[in-house]
Structure formats: structure tokens, C-alpha cells
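See structure below.
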Amino acid sequence: MFFDGAANFKGVGIGAVLISESRQHYPASAKIRFPCTNNMAEYEACILGIKIAVDMNVKELLVIGDSDMLIHQVQGEWSTKNVKILLYLHCVKELCKKFTKIEFKYVPRIQNEFTNALATLSSMIQHPDKNYIDPIEVEIRDQHVYCFHVDEE
């Protein structure tokens, strides 16, 4: 599972992508509409992805993100006195108990592009006052669009 949070001048968004062993992708994203720092957004994204994995009855999970701080805190290598972050950390630790095996791995941002794009998109869109926006489909195209156009004679 990959996760990322994005806080910018337009707002805050989060994204997570679960990837099954068969390489099926399960993306999720959300717009955050409460005061939220970038570190809080990272935790929100991580928890979003972990909760989806729990709902899918996943028992072994590799959690991958570009938040060095979050990864080290969850692994117990770094501590924090920030009360807001402590609440998030406690939530992640509780969710971890639902897995037979869970690992956390840091990757550079360049290796976390898809979730970064989801989080950034969610942060920038001015969502209507509803809880859900229909999914966006992203096609993979290996040819120019004009190659698909065939005139019938």
C-alpha cells in the first residue's frame, strides 16, 4: 500500500493505493476540510489506506510512503511530543494489531508519484458539499489518439 498527503495553498488532500498480489490497483483519496498540517495529512493518508486494507480482510501489508517522520515514528525509532501526532500514531499502532504481518517502508517522493498525484488532485479540487465524487478513470494509451480513429467506407 502506498500513501501520501498534500497540503498546499488550495487545501489539503490525501491519497492511498492498495496493490494486490495480482497487481490490481485500489486507489482512494479524500479532501480534508479541517485544519491540518502536512504531517497530519500524511497520517490521514496512511490511516485511510490501512483501514481499506482492514476492510478488504488483508492479513499481511507493506505500507510505503515518502514521510520519513511517519515511518520512523511508527517503527518506534523517533518519538514526538506533539499531541495531535501522538493521537494519529496511537491510531496507526491500534490498526497494526489487525494484521498478522505489517511493515513500513520509506521511499523517496519520486517513487510515490501516483499517491502524490491523488493527494494533490484532492487538495486542489473545490469539492461540492457532498461526501463522494464519482471515480475518475485513467486509461493507459500506448498509441496516438489518431491511431484509434478509423473511418468506415
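Since the model is a prediction, treat every value here as computed from it, not as a measurement. The figures here come from the full heavy-atom set of this structure, side chains too, leaving out hydrogens, waters and symmetry mates. Heads up: numbering here begins at 1 and tracks the sequence.
When side chains are defined from C-beta on, Ile85 counts as touching Met40, because their heavy atoms get closer than 4.5 Å. You'll find the side chain of Asp4 stays beyond 4.5 Å of the side chain of Leu118, heavy atoms only. Annotation: side chain of Ile110 is in contact with side chain of Glu113 (closest heavy-atom distance under 4.5 Å).
Atom NZ of Lys93 has more than 12 heavy atoms from other residues, nucleotides or ligands within 6.0 Å.
Residues that satisfy the side chain to side chain donor-acceptor pair (under 3.5 Å) test with Asn82, not counting sequence neighbours, are absent from this structure. For Phe104, there are no ring-ring contact (aromatic ring centres under 6.0 Å, His included) partners two or more places apart in sequence or in a different chain. Residues meeting the side chain to side chain contact (heavy atoms under 4.5 Å, CB included) test with Ala28, sequence neighbours left out: Leu48, Ile52. In this view, Glu21 satisfies the side chain to side chain donor-acceptor pair (under 3.5 Å) rule with no residue, not counting sequence neighbours. Remark: Phe2 pairs with no residue by the ring-ring contact (aromatic ring centres under 6.0 Å, His included) rule, at least two apart or across chains. With sequence neighbours left out, the side chain to side chain contact (heavy atoms under 4.5 Å, CB included) criterion links Lys98 to Val54, Leu95. Not counting sequence neighbours, Thr100 has no partner by the side chain to side chain donor-acceptor pair (under 3.5 Å) test. By the side chain to side chain donor-acceptor pair (under 3.5 Å) test, Ser79 pairs with no residue at all, sequence neighbours left out.
Within the structure, ring-ring contact (aromatic ring centres under 6.0 Å, His included) contacts touching residues 3-49 (residues at least two apart or in different chains) are Tyr43-Tyr88. Residue pairs meeting the salt bridge (Lys or Arg N to Asp or Glu O under 4.0 Å) criterion with at least one member in residues 34-62: none, sequence neighbours excluded. Sequence neighbours left out, not one pair with a member in residues 71-89 passes salt bridge (Lys or Arg N to Asp or Glu O under 4.0 Å).
Summarising the geometry of Cys36 relative to Ala41, their closest heavy-atom pair is SG-N, 3.5 Å, with the distance given to 0.1 Å. Nearest heavy-atom pair, Ala45 versus Gly15, reported as atom, atom and distance to 0.1 Å: CB-O, 3.6 Å.
Hydrophobic cluster membership differs between Ile14 and Leu87, with clusters built from Ile, Leu, Val, Met, Phe, Trp and Tyr side chains linked at under 4.5 angstrom. Residue Leu121 is not grouped with residue Leu18 when hydrophobic side chains (ILVMFWY) are merged at heavy-atom distances under 4.5 angstrom, including chains of intermediate members. Under the 4.5 Å side-chain heavy-atom criterion for grouping Ile, Leu, Val, Met, Phe, Trp and Tyr, Ile47 is not connected to Val17 through any hydrophobic cluster. Taking hydrophobic clusters as Ile, Leu, Val, Met, Phe, Trp and Tyr residues chained together by side-chain heavy-atom distances below 4.5 Å, Leu62 does not share a cluster with Ile50. When the side chains of ILVMFWY residues are joined at heavy-atom separations under 4.5 Å, either directly or via intervening members, Phe99 and Ile19 end up in two distinct hydrophobic clusters.
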Acceptor/donor pairs from residues 63-71 side chains to any protein atom, 3.5 angstrom cut, sequence neighbours excluded:
unit_1, atom_1, unit_2, atom_2, d
Asp66, OD2, Asn112, ND2, 3.3
Ser67, OG, Leu70, N, 3.2
Asp68, OD1, His72, NE2, 3.0

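A donor-acceptor contact shorter than 3.5 Å is absent between the side chain of Lys31 and the backbone of Gly13. Using a distance-only test at 3.5 Å, with no hydrogens or angles considered, no donor-acceptor pair links the side chain of Lys10 to the main chain of Ile125.
Rounded to the nearest 0.5 angstrom, Lys105 NZ and Gln75 CD are separated by 11.5 Å.
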